[in-house]
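Structure first, then comments.
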Amino acid sequence: MEYARLTMVDTRPTTLPAGYLLRNFRHVADWVLALYPDLLCEADMAFHRQFQALSEPAQHLYLRLLTRTRPLIAVESLSYAEVPNVTSTLDELQQAGFAELNPQVDAAQLLELQTRSRLQQWFAQNSRSSAKKTELVESILAQHSAADIHNIIARHQPFTRALRQDCFDRLLLLFFGNGRQDLSEFIITELGHVRYEQYRIDGSTRYFQSRADVETLQRYLQVREQLEDPAILSDSIRLRECHALLPDHRQQPELQRRFDRIVLIIARQLERLQATDNALALYQQVATHPARERRARILAKQQQPQLALQLCRQILDDSHHPEELEFAEQFARTLARKTGTHFALAPAPAVREFTLELPFTGAAVEIVAAQALSDAQHVCVYVENLLFCGLFGLLFWDIIFAPIPGAFFHPFQRGPKHLHTEFFYPDRKTLIESRLEEMATPGWQQRIWDHFESRSGIANTLVAWEALSPELIDMALQHIPASHLHTIFRQLALHPGLYGSGFPDLIRFSHNGYELIEVKAPNDRLQPNQRRWFRHFADAGIPARLLNVTWIDADDE
DNA sequence: GTTGGGATTG
DNA sequence: GAATGTGTGTCTCAATCCCAACTT
DNA sequence: TGACACACATTCAA
Ligand SMILES: [Mn+2]
Ligand SMILES: [Mn+2]
């Protein structure tokens, strides 16, 4: 099945056609119904059928309710050209089971929805007018019953809430494959704020394979949302209840990644609440770093250094994650020292360092250092990850957006599925390897310039256009040997998500070469991912140093 | 009175 | 002084409006 | 809607 893009205007329109919200939702629903008829439950089908049976104003209004950030909405605030009569339209939504008027809800939320002055007015709170709104809400909650609060607010300021949000969310989830994007993508694109690559969308390889996949992912997203609630974060019982809600990932990489991330959050929070044994048990279910690091740290804290050491040995034996390995080496050294165990390990390679005294102006240390290291012979730029990720993204642009089956499934992607995981490389191995080989032939840089020209401004997670001036690219290509770029690009290609971070802050060009410099203000140390790149730079002969800045107090001297 | 953070909008 | 843990700001799509804090 | 990098606080071991 071929995906048909909505036709969008070429130039930036100042206004959009009336009813754009409904048009966009219909586009989403049509595509999902065509692609996933077997993954929709009866509730989903009924939802769509009954939605279509609504009058157009009612359809518009329902979508408006759902695109608000908070579930409770003051009826007064509903004012749209597409909905001439809000009251009767809301009534239609109620009758059809798409909205409810003045539902019984938490009194605090209801009060929070109102303005401060109205609360004072309605609840005759003559108390200090300087009281903060949250204090005002507290005092009203203390003085009035929930039923009174509900009645008073419903009388002065009727409110509504959309129903069947789960069906709506599921439709969007089936379309986007994530819980982060929504209908606003259509507007953003149409207004020209973001330009997406025009890759081909292949409906023959679906993002979701079964209904269980959809429900599992939806549940994961719900639990992750619950984990933002401070009341849950501070209660180990409720945290474990959250964990129990998580369906099994059934060894599916995409689901496992999300499962692991959530369990890591829960377990870490259990640690903070001193529920150490519960945390340990949860970490054991997680395959993703830093689960084993946390387990080792817990074991060490529980006076079980031998078990901790054993776990470190296991990591050193079977891990492919550079930061996990780095941790295991270092932690094993500490443990061995403490327990008197012999533990043979080569010491970590030393990092070359130098020091500068700079005036403290309040500006970011990287900016100040870059200026201090710039002069007539040197150009020093604060680039962090942006330069190398950007050059990689430009050189491999066509490979990144190559129509690998399943890689592209909706029109608003800044990269293929799995771009940030270890699955990126194997699916594109031959393409990537031959592109890397090209770097041995003169003029290989032309491909970077070609993509820089032809794809300029198009969204790509690896390419931060505003940070990549032609001058910077030119200096980089002139001063950095191809062999150096080659080894960096190879690492990036193997796992763009992992290796795309930890690059030094600065690059400093001089007449005959270049140098990478990581700036450290007092109280800052090399982080594990930065250490990992330094190690790689040392192996590859790439010049990199650590700059320790000490501040000169402007008042002192 | 100003301002700054959100929510809303296209 | 290491090592470890925790909190913060910055990307955000950009213009506009509203409202709750303030005298920046 | 996280990822990432930094700043700051606390703890701990020579
Ligand atoms: Mn940095
Ligand atoms: Mn730095």
Side-chain angles (χ1 to χ4, degrees), chain A residues 9 12-21 23-24 63-65 67-70 72-74 76-82 112-120 129-137 176 178-196 221 224-225 227-228 257-258 261-262 264-265 268-269 271-272 290 293-294 296-298 300-301 327 330-331 333-335 337-338 364-366 382 384-386 389 412 414 420 457 459 461 464 466-467 496-498 500-505 518-530 549 551:
Chain A
V9 277
R12 287 189 190 198
T14 50
T15 59
L16 294 173
Y20 64 85
L21 190 55
R23 180 202 59 182
N24 297 335
L63 293 174
R64 287 293 184 186
L65 299 183
T67 49
R68 294 285 187 93
T69 51
R70 293 194 284 209
L72 289 180
I73 298 162
E76 185 192 53
S77 73
L78 297 170
S79 169
Y80 303 103
E82 300 93 341
E112 213 33 71
L113 186 65
Q114 316 302 324
T115 68
R116 205 179 74 105
S117 64
R118 278 177 164 159
L119 288 178
Q120 282 177 323
S129 58
S130 64
K132 289 182 179 166
K133 185 180 176 183
T134 51
E135 296 167 359
L136 187 58
V137 169
F176 289 109
N178 64 59
R180 167 174 43 91
Q181 291 176 292
D182 56 39
L183 292 177
S184 68
E185 293 291 341
F186 288 91
I187 308 302
I188 293 167
T189 308
E190 195 157 357
L191 291 174
H193 292 310
V194 179
R195 289 162 58 211
Y196 287 97
L221 295 176
R224 188 184 40 64
E225 205 175 330
L227 289 175
E228 289 162 14
R257 218 188 75 242
R258 293 169 188 264
R261 257 207 316 240
I262 295 171
L264 281 172
I265 292 172
R268 194 68 185 81
Q269 193 60 25
E271 276 192 76
R272 295 191 182 100
E293 171 178 340
R294 296 312 315 166
R297 290 189 187 281
I298 290 175
K301 222 172 263 172
F327 158 79
Q330 207 237 19
F331 203 61
R333 251 193 288 273
T334 318
L335 287 170
R337 183 156 22 85
K338 273 189 211 164
V365 64
E366 296 88 349
Y382 177 27
E384 225 159 50
N385 305 320
L386 304 181
C389 289
F412 309 106
R414 292 161 138 81
H420 292 293
T461 42
E466 62 284 3
L498 190 56
S501 68
F503 283 100
D505 295 313
E518 168 59 34
V519 184
K520 285 303 175 195
N523 299 329
D524 193 10
R525 311 290 310 268
L526 268 189
Q527 295 171 25
N529 56 353
Q530 297 173 331
V549 171
W551 295 118

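All heavy atoms count here, side chains included; hydrogens, waters and symmetry mates do not. Lettering of chains follows the sequences in order, A, B, ..., and the numbering in each one begins at 1.
Phosphate contact (OP1/OP2 of dT9(B), side-chain N/O of Tyr80(A), threshold under 4.0 Å): present. Side-chain N/O atoms of Arg261(A) include none lying less than 4.0 angstrom from OP1 or OP2 on dG2(D). Taking 4.0 angstrom as the limit, Asn529(A) places none of its side-chain polar atoms (N or O) nearer than this to OP1 or OP2 of dC4(D). Close to dT4(C), at under 4.0 Å from its OP1 or OP2, lies a side-chain N or O of Arg297(A). Close to dG5(C), at under 4.0 Å from its OP1 or OP2, lies a side-chain N or O of Arg294(A). Proximity of Arg272(A) to the phosphate of dT6(C): a side-chain N or O atom is located under 4.0 Å from OP1 or OP2. For Asn385(A) and dA5(D), the shortest distance from a side-chain N or O to OP1 or OP2 is below 4.0 Å. Distances shown here put every side-chain N or O of Gln530(A) at or beyond 4.0 Å from the OP1 or OP2 atom of dC4(D). Distances shown here put every side-chain N or O of Arg70(A) at or beyond 4.0 Å from the OP1 or OP2 atom of dG6(B). The phosphate of dT8(B) has OP1 or OP2 within less than 4.0 Å of a side-chain N or O from Thr69(A).
Remark: the Asn385(A) side chain and the Ser501(A) side chain contain no N/O donor-acceptor pair separated by less than 3.5 Å. Arg333(A) and Gln330(A) share no donor-acceptor pair across their side chains, judged by distance under 3.5 Å alone.
For Glu384(A), the listed nucleotide lying nearest its side chain is dC6(D); candidates were dC22(C), dC13(C), dC6(D). Nearest nucleotide to the side chain of Arg525(A), out of dA5(D), dA2(C), dG10(B): dA2(C). With dG10(B), dA3(C), dT9(B) as the candidates, the nucleotide lying closest to the side chain of Leu191(A) is dG10(B). Ranking dC13(C), dC22(C), dT4(C) by closeness to the Lys132(A) side chain, first place goes to dC22(C).
Note on Leu221(A): only backbone sugar-phosphate atoms sit closer than 4.0 angstrom, heavy atoms only; bases stay farther off. Residue-level contact check: Glu518(A) touches the backbone only, with heavy atoms under 4.0 Å from sugar-phosphate atoms and none from bases. Arg268(A) comes within 4.0 angstrom of the backbone, heavy atoms only, and of no base. Contact annotation for Phe331(A): backbone-only contact, meaning every heavy-atom pair under 4.0 Å involves sugar-phosphate atoms and none involves a base. Arg258(A) comes within contact range of no nucleotide atom at all, as no heavy-atom separation falls under 4.0 Å. Using a 4.0 Å heavy-atom cutoff across all strands shown, Arg414(A) reaches sugar-phosphate atoms only and no base atom. Using a 4.0 Å heavy-atom criterion, one finds that Arg64(A) contacts the sugar-phosphate atoms exclusively. As judged by a 4.0 angstrom heavy-atom cut-off over every strand, Glu366(A) is placed among residues touching the sugar-phosphate backbone only. Ala364(A) comes within contact range of no nucleotide atom at all, as no heavy-atom separation falls under 4.0 Å.
Rounded to whole Å, atom P of dT4(C) lies 8 Å from atom CD of Glu293(A). Going from atom CG of Leu264(A) over to atom C1' of dA3(D) covers 15 Å, rounded to whole Å. Arg337(A) has its CZ atom 10 Å from the C1' atom of dA2(C), to the nearest Å. Between the NZ atom of Lys338(A) and the P atom of dC12(D) there is a distance of 10 Å, given to the nearest Å. Between the P atom of dT8(C) and the CG atom of Asn523(A) lies a distance of 17 Å, rounded to the nearest Å. The interatomic distance linking Lys133(A) (NZ) with dG6(B) (P) rounds to 14 Å, in whole Å. Distance CD (Glu190(A)) to P (dG10(B)): 13 Å, rounded to an integer number of Å. Whole-Å rounding puts the Leu526(A) CG to dG1(C) P distance at 19 Å.
Rounded to whole Å, the C1' atom of dC11(C) lies 23 Å from the corresponding atom of dT3(B). Taking atom P on both nucleotides, dT24(C) is separated from dA20(C) by 22 Å, rounded to a whole Å. Taking atom P on both dT6(C) and dG10(B), the two are 44 Å apart, rounded to the nearest angstrom. Taking atom C1' on both nucleotides, dA15(C) is separated from dG2(D) by 25 Å, rounded to a whole Å. Taking the P atom of each, dG5(C) and dT8(B) are spaced 39 Å apart, rounded to whole Å. Between dT12(C) and dT8(C), the distance separating the two P atoms is 22 Å to the nearest Å. Remark: the separation of the P atoms in dA14(C) and dC4(D) is 22 Å, to the nearest Å.
Nearest-nucleotide assignment on DNA chain D puts the 5′-proximal partner with Arg224(A), out of Gln527(A) and Arg224(A).
Within the model, atoms CZ of Arg261(A) and CG of Leu227(A) stand 12.0 Å from one another, a figure rounded to the nearest 0.5 Å. Put simply, CG on Leu72(A) and CD on Glu112(A) are 11.5 Å apart, with the number rounded to the nearest 0.5 Å.
Looking at Lys520(A), its side chain does come within 3.5 Å of a backbone N or O of Arg525(A) through a donor-acceptor pair.
Taking the six-membered ring where tryptophan is involved, the planes of Phe412(A) and Phe186(A) are perpendicular, since the angle between them exceeds 60° and thus also 30°.
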Point to revise | Tyr20(A) and Glu190(A): CA distance, side-chain angles, deciding distance, side chain to side chain donor-acceptor pair (under 3.5 Å) verdict | key: CA-CA 10 Å; Tyr20(A) 64 85; Glu190(A) 195 157 357; over 6 Å; no
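By the 4.5 Å heavy-atom criterion applied to side chains, Asp182(A) and Thr67(A) are not counted as neighbours.
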